[in-house]
Number of protein chains: 2
Amino acid sequence: MLDSHHDQTAMPGEQGDHSLLQLDHQLCFALYACSKEVTRLYRPLLQELGLTYTQYVTLLALWERDGEPVKSLGSRLYLDSGTLTPLLKKLESMGLVNRVRDRADERMLRVNLTEAGQAMRAKAGSIPRKLCEVTGMELRDLEALRLQLQQLNAVIQHHYEEDSEHGED
Amino acid sequence: MLDSHHDQTAMPGEQGDHSLLQLDHQLCFALYACSKEVTRLYRPLLQELGLTYTQYVTLLALWERDGEPVKSLGSRLYLDSGTLTPLLKKLESMGLVNRVRDRADERMLRVNLTEAGQAMRAKAGSIPRKLCEVTGMELRDLEALRLQLQQLNAVIQHHYEEDSEHGED
DNA sequence: TCCAATTTAATTGTATGCAATATAGTTGCG
DNA sequence: CGCAACTATATTGCATACAATTAAATTGGA
């Protein structure tokens, strides 16, 4: 116990500067904060389209693969049916998608873009460029950062795959 | 419109490979996915302490500065009172903090760690190391990634500060 | 001093996000 | 075929998140 004197007055730099638990030293918190702040940058742009951020990335996925089942959509978006079911119902109520059971396998629900859902893609086209401008950072650096994040994510996925191979005990 | 033919059969690699809107090209989504997956790594470790991830980072902040008011706590954690009020009430019901009005300024609510809240810090001490082990990545690389995220976050903060200087119109 | 503007928390409403469970459809094996 | 194991989606409950509003306390002039 190096810091056995903990008073209530919160002397700055006294309670945890040498600690592994310092907030500013946590990669997890840098990710958490950065993700939220980037999402906040999107908010006003998406508001013009009447979309939330999660609805936006769901449409990104569907613009690439129309008619995808909920399960594989969730796998790409890292979301489960508990989140996707109400979200897709919302997109349906907005007239952007249709939800139809697969006739060959009635368990699967396929999500199809409507005309309006297709049309939204053109309106969203300018968003990536606008966001880049806001940061004013080098495109090269943003790309590099993205690749590192994808690599870290891949490492984590690999970790889970290893676990399930060993027959989770 | 380079892709005016959009059929329902979702030909892989046909609808958006050349597009700026491709999911895998978005820095925002890499952040969003990575943040969620890292949080998922924490979950089983935090579960042993009976904490959620947001409760954990709130305690990280309090371990550094005990007795901090809700406002400044929220500023450090990028959370507003709508999120913090119920979260802090929960931590209080768990016996980890006390919430007391500042006598000099009754608007402010100060959050003080209890004995149990202080004690929790020792139990959490092993978490950062465990997380590092899981990834198996070089500490150097993880540090570098964190610094880049903090820099991006700083750029975004600077962007908002600039905006408010111009007298938000 | 008095009161309008400001500041801090709390509240309300909507949207995620995830664990656990429920339900329906499918598959595989005897 | 009959049924147990499996799979896909939906539902429920709890915990974030954030915008907008409310309420209470404080501050800063006129």
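Below, each value reflects all heavy atoms present in this structure, side chains not excepted, and no hydrogens, waters or symmetry copies. Letters go in sequence order (proteins before strands), and every chain restarts at 1.
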### Task
May I ask you to evaluate whether T54(A) reaches the phosphate of dG17(C), defined as a side-chain N or O under 4.0 Å from OP1 or OP2?
yes

### Query
Taking only side-chain nitrogens and oxygens of Q47(B), does any of them come within less than 4.0 Å of OP1 or OP2 of dA19(C)?
no

## Note on the structure
DNA chain D nearest-nucleotide lookup for M108(A) and E37(A): closer to the 5′ end is M108(A)

### Query
In whole angstrom, what separates Y160(A)'s OH from dC18(C)'s P?
11 Å

### Task
Return the value, rounded to whole Å, for the distance between atom CG of D105(A) and atom C1' of dT26(C).
6 Å

### Query
Which word best sums up how the rings of Y42(B) and Y56(B) line up, parallel for under 30°, tilted for 30 to 60°, or perpendicular for over 60°?
tilted

### Task
Take the protein atom CD of E106(A) and the nucleotide atom P of dT23(C), then report the distance between them rounded to whole Å.
19 Å

### Message
What is the distance, to the nearest angstrom, from the CG atom on L41(A) to the P atom on dC18(D)?
### Response
13 Å

### Message
Just to be sure I understand the rule, does R40(A) reach a base, reach only the sugar-phosphate, or reach nothing, if contact means heavy atoms closer than 4.0 Å?
### Response
nothing

### Task
Determine the interplanar angle of the Y32(A) and Y53(B) rings, folded into 0 to 90°, and report it as parallel if under 30°, tilted if 30 to 60°, perpendicular if over 60°.
perpendicular

### Task
Calculate, to the nearest 0.5 Å, the distance between atoms CG and CG belonging to L145(A) and L149(A) respectively.
4.5 Å

### Message
Any donor-acceptor pair under 3.5 Å linking the side-chain atoms of R146(B) with those of Q150(B)?
### Response
yes

### Task
Round to the nearest Å and state the distance from Y56(A) atom OH to dT16(C) atom C1'.
18 Å

#### Entry: Spacing of K36(B) atom NZ relative to dT16(C) atom P, expressed in whole Å
11 Å

### Query
Where the side chain of Q55(B) meets the backbone of L87(B), is there a donor-acceptor pair that is under 3.5 Å apart?
no

## Note on the structure
Sorted by number, residues from residues 70-104 of chain A placing a heavy atom under 4.0 Å from DNA chain D are V70(A), K71(A), S81(A), G82(A), T85(A), K89(A), R99(A), R101(A)

### Task
Quickly work out the E68(A) CD to dT9(D) P distance and round it to whole Å.
10 Å

### Query
Hey, what do you get for CD (E64(A)) to CG (L73(A)), rounding to the nearest 0.5 Å?
11.0 Å

## Note on the structure
In L88(B), V100(B), N98(B), the residue satisfying side chain to side chain contact (heavy atoms under 4.5 Å, CB included) with V111(B) is L88(B)

### Query
Does a distance-only test, which skips hydrogens and angles, find a donor-acceptor pair under 3.5 Å between the side chain of R107(B) and the base of dT7(C)?
yes

### Query
What is the distance from CZ of R43(B) to P of dA20(C), rounded to the nearest Å?
11 Å

### Phosphate OP1/OP2 of dA17(D) contacted by Y32(A) side-chain N/O (<4.0 Å)
yes

